[in-house]
Number of protein chains: 2
Amino acid sequence: MNAADTRQRILMTAMELFWEKGYLSTSVSDILSRSQIHSGSLYHFFPGKQDVLVGVLELYRDGIGEMLLAPNWDGVDDPIDRVFALLAGYRTHLIVTDCTYGCPIGSLALEIHEPDPVVRDLMAANFTNWSTAIAGCFDAAADRLPPGTDRKALGEFVLTVMEGAVMQARTYRDIGYFDRNIAVLRDYITILLATAKDGSFA
Amino acid sequence: MNAADTRQRILMTAMELFWEKGYLSTSVSDILSRSQIHSGSLYHFFPGKQDVLVGVLELYRDGIGEMLLAPNWDGVDDPIDRVFALLAGYRTHLIVTDCTYGCPIGSLALEIHEPDPVVRDLMAANFTNWSTAIAGCFDAAADRLPPGTDRKALGEFVLTVMEGAVMQARTYRDIGYFDRNIAVLRDYITILLATAKDGSFA
DNA sequence: AGATGAGTTGATTGAACATTCAACCAACCA
DNA sequence: TGGTTGGTTGAATGTTCAATCAACTCATCT
């Protein structure tokens with residue numbers, strides 16, 4: 001196994017564990033035993049546990065297109081449909097995990113109370129990538145939305161709703177909380193599209 | 001100092017610390033040193049650290065009216081205004097703490113990945129109390145909302161938006177993220193009130 | 001062949017952790 | 001007065017933690 005493999009193996013394992021147990025509850029030993037890598041090797045590539053977290057956050061940041069958007073948007077062309085297709089992807093995660101799923105970035109953001117600036121910036125960058133992607137959908141549908149709609153704010157709002165909906169579904173262990181939240185969001189977006197069409201606010 | 005005082009002092013201190021540092025990052029020693037109470041006394045009242053958490057969650061649950069709603073709703077009579085008055089309270093917390101504030105329940109919900117059922121039920125009960133209070137506002141304004149509006153879902157939605165908005169403002173250390181999210185929510189509620197008034201969906 | 005150095009090994013370190021416990025205290029009552 | 005109860009003290013326990021490091025492997029280069 002070469003160097004790149006070892007580094008990758010550590011990061012992939014850490015990504016899994018941080019998602020399953022959270023950052024604080026994952027010990028370096030956990031990463032070592034699951035990845036079958038010895039402590040010296042880990043510390044050869046990473047100065048410390050936090051640097052592993054940084055590596056994981058960089059993977060998420062750089063992989064959002066391939067790992068998150070592409071799978072959910074495959075075959076979905078309408079930009080508004082894409083918004084809800086992405087949310088449907090989160091719903092699937094919740095179902096598959098018996099409503100145990102948590103957004104990895106959101107969990108980290110609330111778990112780490114005094115984040116190192118490097119870590120915080122990476123969490124923020126992940127949020128920005130996500131809401132910017134959604135805002136891009138609204139941009140592509142700009143002519144169907146009321147004029148003057150703040151599409152960036154709308155992207156951030158969808159992120160907010162996703163995070164809040166996942167948080168509640170997970171806490172109650174009940175997908176209904178996710179579905180009802182998304183239904184309200186859908187109602188809002190539907191109204192926006194309708195008011196733009198009939199020109200009532202033009 | 002009598003028994004009730006000691007117990008109370010432990011819970012108040014733990015409440016502070018769990019909010020400042022989170023549950024996992026707060027050690028029993030932290031609670032002991034700040035509360036000036038010795039380990040034996042703490043373990044006389046609480047079987048373990050998790051039971052302190054349970055006590056804190058019970059305080060939140062039982063104190064939502066007095067500690068959270070009453071202060072924010074004092075002098076605010078209109079039910080819709082009350083919804084946004086509560087959200088404004090969270091905004092104040094964010095401002096006062098330089099956007100470091102996090103909803104204590106939301107943070108715990110995402111921090112603890114495998115919660116004991118007792119803990120999880122208490123977190124859920126706290127969410128329910130919150131969103132039920134908001135749903136109560138919508139109930140009081142039911143005649144100004146479109147008929148058939150799911151007001152319970154709307155209460156959960158407001159909770160979702162608060163949690164997501166706080167999460168983003170905190171991660172970016174920028175109140176703008178909170179304000180934009182609330183502005184979008186306000187837009188939605190405003191539209192609901194307007195469509196009910198002009199009867200366009202009646 | 002010999003030197004170089006990136007990468008690996010795993011026992012070890014010292015700090016921090018939650019929890020325990022035997023001894024103690026003070027108020028109240030028999 | 002002596003016992004009982006409810007609460008307190010703080011040193012001690014055993015565990016887990018992140019991190020270290022001297023010794024090693026082995027491919028590559030001179």
Side-chain angles (χ1 to χ4, degrees), chain A residues 1-58 107-108 111-120 122, chain B residues 1-57 107-108 111-119 122:
Chain A
M1 187 168 58
N2 67 32
D5 284 346
T6 304
R7 217 190 106 94
Q8 194 72 0
R9 175 104 140 268
I10 292 165
L11 287 177
M12 287 305 190
T13 309
M15 187 184 268
E16 277 176 30
L17 283 163
F18 292 165
W19 173 71
E20 289 172 24
K21 322 179 36 165
Y23 173 68
L24 293 169
S25 299
T26 297
S27 69
V28 175
S29 301
D30 290 334
I31 301 172
L32 297 177
S33 58
R34 184 178 293 190
S35 64
Q36 302 270 49
I37 279 169
H38 301 268
S39 64
S41 293
L42 186 147
Y43 284 98
H44 175 75
F45 289 102
F46 301 96
K49 186 187 176 188
Q50 183 183 280
D51 302 273
V52 178
L53 173 62
V54 167
V56 167
L57 286 170
E58 285 169 346
S107 297
L108 288 169
E111 173 181 17
I112 302 173
H113 279 242
E114 278 164 3
D116 189 281
V118 179
V119 171
R120 201 170 57 74
L122 275 166
Chain B
M1 188 167 58
N2 67 32
D5 285 345
T6 303
R7 218 190 105 95
Q8 193 74 359
R9 174 107 138 266
I10 292 165
L11 287 177
M12 287 305 190
T13 309
M15 187 183 268
E16 276 176 29
L17 283 164
F18 292 164
W19 173 71
E20 289 172 25
K21 321 179 40 165
Y23 172 68
L24 294 169
S25 299
T26 297
S27 69
V28 175
S29 301
D30 290 334
I31 302 172
L32 297 176
S33 56
R34 184 177 293 188
S35 64
Q36 302 269 50
I37 280 170
H38 301 268
S39 64
S41 292
L42 187 146
Y43 283 96
H44 176 74
F45 290 101
F46 301 96
K49 186 189 176 187
Q50 183 183 281
D51 302 273
V52 177
L53 173 62
V54 167
V56 167
L57 286 170
S107 298
L108 288 170
E111 173 181 15
I112 302 173
H113 280 241
E114 278 164 4
D116 189 280
V118 180
V119 170
L122 275 166

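Every chain is numbered from 1 and lettered A, B, ... according to where its sequence line falls, protein lines coming before strand lines. Everything numeric here is computed off the predicted structure, so don't read it as measured data.
- Under a 3.5 Å cut-off, the side chain of A/Ser33 and the backbone N or O of A/Ser29 do form a donor-acceptor pair.
- One can place NE2 of B/His44 at 19 Å from P of C/dC24, the figure rounded to the nearest angstrom.
- Note: CZ (A/Phe46) to C1' (C/dA6) measures 16 Å, nearest angstrom.
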Considering only nitrogen or oxygen atoms on both sides, find all protein atoms under 3.5 Å from nucleotides 19-23 of chain C and state each distance.
unit_1 : atom_1 : unit_2  : atom_2 : d
C/dT19 : OP2    : B/Tyr43 : OH     : 3.0
C/dT19 : OP2    : B/Lys49 : N      : 2.8
C/dT20 : O4     : B/Ser39 : OG     : 2.8

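- Regarding B/Phe45, its CZ atom lies at a distance of 11 Å from the P atom of D/dT9, rounded to whole Å.
- Contact check of residues 16-27 of chain B against DNA chain D (heavy atom, cut-off under 4.0 Å) returns no residues at all.
- As a whole-Å value, the separation of B/His38 NE2 from C/dC25 C1' is 13 Å.
- As rounded to whole Å, 17 Å separates atom C1' of C/dG7 from atom CD of A/Gln8.
- Remark: side-chain polar atoms of A/Glu111 are not paired, donor with acceptor, to backbone N or O of B/Ser107 under 3.5 angstrom.
- Between A/Ala14 and A/Val52, the closest heavy-atom pair is CB-CG1, 3.5 Å.
- Applying the side chain to side chain contact (heavy atoms under 4.5 Å, CB included) test to A/Ser25 and every residue at least two apart in sequence or in another chain returns A/Lys21, B/Leu24.
- One interatomic measurement links the two molecules: CD of B/Gln36 to P of D/dG7, which rounds to 20 Å at whole-angstrom precision.
- Checking the phosphate oxygens (OP1, OP2) of D/dG7, no side-chain nitrogen or oxygen of B/Thr6 falls inside 4.0 Å.
- Looking at residues two or more places apart in sequence or on another chain, you find a salt bridge (Lys or Arg N to Asp or Glu O under 4.0 Å) between A/Glu16 and A/Arg34.
- Scanning for side-chain hydrogen bond (donor to acceptor under 3.5 Å, both in side chains) contacts around B/Ser27 gives B/Asp30, with sequence neighbours left out.
- Among residue pairs with one or both ends in residues 43-55 of chain A, none qualify as salt bridge (Lys or Arg N to Asp or Glu O under 4.0 Å); sequence neighbours excluded.
- With hydrogens and angles ignored, the 3.5 Å screen pairs a side-chain donor or acceptor of B/Thr13 with a backbone N or O of B/Arg9.
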